[in-house]
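Residue numbers begin at 1 in each chain, while the letters A, B, ... track the order of the sequences.
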Number of protein chains: 2
Amino acid sequence: MEVCKCSQLSAEEIDKIRYEMPAQLEIDGLAEFFKVFGDPGRLKIIYYLSKTELCVADLARLVQMAQPAVSQQLKILRLTRFVNFRKEGKTVYYSLHDEHVSELYQIALHHIREL
Amino acid sequence: MEVCKCSQLSAEEIDKIRYEMPAQLEIDGLAEFFKVFGDPGRLKIIYYLSKTELCVADLARLVQMAQPAVSQQLKILRLTRFVNFRKEGKTVYYSLHDEHVSELYQIALHHIREL
DNA sequence: TGCATATATGCGCAGCTATGCATATGTTGT
DNA sequence: ACAACATATGCATAGCTGCGCATATATGCA
């Protein structure tokens, strides 16, 4: 692989940086992670769950989405371990898995607000 | 709007939570923000830029993407203010805009690593 | 001006994704 | 067993997205 003439870096430096690169699998994992936050509907769900535990029906009313749509998104949030759920009779209550979510929320808000 | 029978929340509580909801515009902004991180190619670009300032050609070689593809992603990263750029003759050097990016990176990594 | 280099843009397409809708599953009470 | 309710799933589709490709722009040099 040839080095372009504009490069400030030597082939050795290039190799070193590339060697320290997180594994492709981990990169893909990160991308999947962020992709989950890249949808307004899911973000709203996450926001409401950060306030209180909620059943699917209430969640659907709050985010103003159809119940099946909410269930689909909750499934994604379950698979990515962002939410826990607890069954009580017919109803299922969802809650946030941990506090990382709120952290991310705050940092991202900070970024977009400072232009 | 009727309240489903499974609800633990009163109509007043529902209204209160919804009232405190960030504006739809801000939610959309957040989603756009995270969407930028939801792509392995962009994540790799961000990773390399977190190491050092780089020109487009070197970046393309490092992430092993075609130059036009890298330029496209850099454009997105520019518009979302994740990167700065500086022209020097024919070459354009890109660098990270601020340190929020690394924070997000770390938090996300922590989340996916703890299962 | 002509040419090589470095980067950016326009366009078309394949693959993904969120949603609407119908329906299936599971639970409770009669 | 049946009905009503809460949630989940399957499927089709419209819209978005990242990439390949060709090409345009911009800079430097002879």
Side-chain angles (χ1 to χ4, degrees), chain A residues 2-9 24 27-28 30-46 49 53-80 83-95, chain B residues 2-9 24 27-28 31-46 49 53-80 82-95:
Chain A
E2 53 181 322
V3 178
C4 88
K5 291 110 185 173
C6 86
S7 179
Q8 304 291 84
L9 302 174
Q24 180 66 42
I27 291 288
D28 291 341
L30 275 178
E32 291 305 314
F33 178 93
F34 284 117
K35 217 175 284 184
V36 173
F37 283 77
D39 177 71
R42 279 193 295 267
L43 273 183
K44 282 195 257 184
I45 290 175
I46 289 170
L49 291 180
E53 185 186 57
L54 284 167
C55 70
V56 178
D58 280 352
L59 215 34
R61 289 198 316 118
L62 281 167
V63 303
Q64 311 195 70
M65 288 167 63
Q67 175 269 318
V70 174
S71 274
Q72 302 265 24
Q73 305 296 16
L74 285 172
K75 182 179 186 176
I76 295 175
L77 292 171
R78 257 183 299 152
L79 293 176
T80 47
V83 299
N84 295 321
F85 65 101
R86 156 177 85 79
K87 295 187 74 169
E88 191 170 302
K90 287 175 291 190
T91 86
V92 182
Y93 293 96
Y94 282 86
S95 55
Chain B
E2 50 181 322
V3 178
C4 88
K5 293 112 187 172
C6 84
S7 179
Q8 303 290 83
L9 301 174
Q24 180 65 43
I27 291 288
D28 291 341
E32 291 305 314
F33 178 93
F34 285 116
K35 217 175 284 183
V36 173
F37 283 76
D39 176 71
R42 280 193 294 268
L43 273 183
K44 282 195 257 184
I45 289 174
I46 288 170
L49 290 181
E53 185 186 57
L54 284 167
C55 70
V56 178
D58 279 352
L59 215 34
R61 288 198 316 119
L62 281 166
V63 302
Q64 312 198 68
M65 290 167 60
Q67 174 269 318
V70 173
S71 274
Q72 303 265 22
Q73 304 297 14
L74 285 173
K75 182 180 187 176
I76 294 175
L77 292 171
R78 257 183 299 150
L79 293 176
T80 48
F82 283 114
V83 299
N84 297 320
F85 65 101
R86 156 178 86 80
K87 295 189 72 171
E88 191 171 302
K90 287 175 293 190
T91 86
V92 181
Y93 292 97
Y94 282 86
S95 55

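- Counting only heavy atoms from C-beta on, A:A66 has its side chain closest to C:dG20 among C:dC21, C:dG20, D:dA22.
- Among all heavy-atom pairs drawn from A:V36 and A:R42, the shortest one is O-NE, 2.7 Å.
- The side chain of A:K87 contributes an N or O atom lying less than 4.0 Å from OP1 or OP2 of C:dT27.
- Between B:D39 atom CG and C:dC16 atom P the separation is 13 Å, expressed in whole Å.
- Close placement of the B:F82 and B:F37 rings is indicated, their centers lying within 6.0 Å of each other.
- Of the candidate nucleotides C:dT7, D:dA8, D:dG20, C:dT7 has the atom lying nearest to any side-chain atom of B:A57.
- Regarding A:L79, its CG atom lies at a distance of 13 Å from the C1' atom of D:dT9, rounded to whole Å.
- Checking C:dA8, D:dT9, C:dA6 against every side-chain atom of B:T91, the shortest atom distance belongs to C:dA6.
- Atom CG in A:L74 sits about 10 Å away from atom C1' in D:dT7, given to the nearest Å.
- Here B:Y94 lies in heavy-atom contact (under 4.0 Å) with sugar-phosphate atoms only.
- The pairing partner recorded for C:dT28 is D:dA3, the criterion being a Watson-Crick or G-U wobble arrangement whose two distances lie under 3.5 angstrom.
- Here the P atom of nucleotide C:dT17 and the CZ atom of A:F37 are 16 Å apart, to the nearest Å.
- In this entry the distance linking CD1 of B:I45 with C1' of D:dC19 reads 12 Å, nearest Å.
- D:dA8 atom P lies 14 Å from atom NZ of A:K90, rounded to whole Å.
- For the pair A:I76 CD1 and D:dT9 C1', the computed distance is 13 Å after rounding to whole Å.
- Distance B:E32 CD to D:dC16 C1': 11 Å, rounded to the nearest Å.
- Applying the 3.5 Å distance criterion, the base of D:dG10 shares a donor-acceptor pair with the side chain of A:Q72.
- For the atom pair OG1 (B:T91) and CZ (B:F85), the distance works out to 12.5 Å, reported to the nearest 0.5 Å.
- For A:R42 and C:dA18, the shortest distance from a side-chain N or O to OP1 or OP2 is below 4.0 Å.
- Both A:G41 and B:R78 sit near DNA chain C, but only B:R78 has its closest nucleotide nearer the 5' end.
- The aromatic rings of A:F34 and B:F34 lie parallel to each other, with less than 30° between the two planes, well short of the 60° mark.
- Across all strands shown, B:Q73 has heavy atoms under 4.0 Å from sugar-phosphate atoms exclusively, and none from any base.
- Residue B:A69 places its side chain closer to D:dG20 than to any other of D:dA6, C:dG20, D:dG20.
- B:Y94 pairs in a side-chain contact (heavy atoms from CB on, under 4.5 Å) with only one of the listed residues (B:L54, B:V83, B:D58, B:N84), which is B:V83.
- Donor-acceptor pairing under 3.5 Å, judged by distance alone, is absent between the side chain of B:Q67 and the base of C:dA6.
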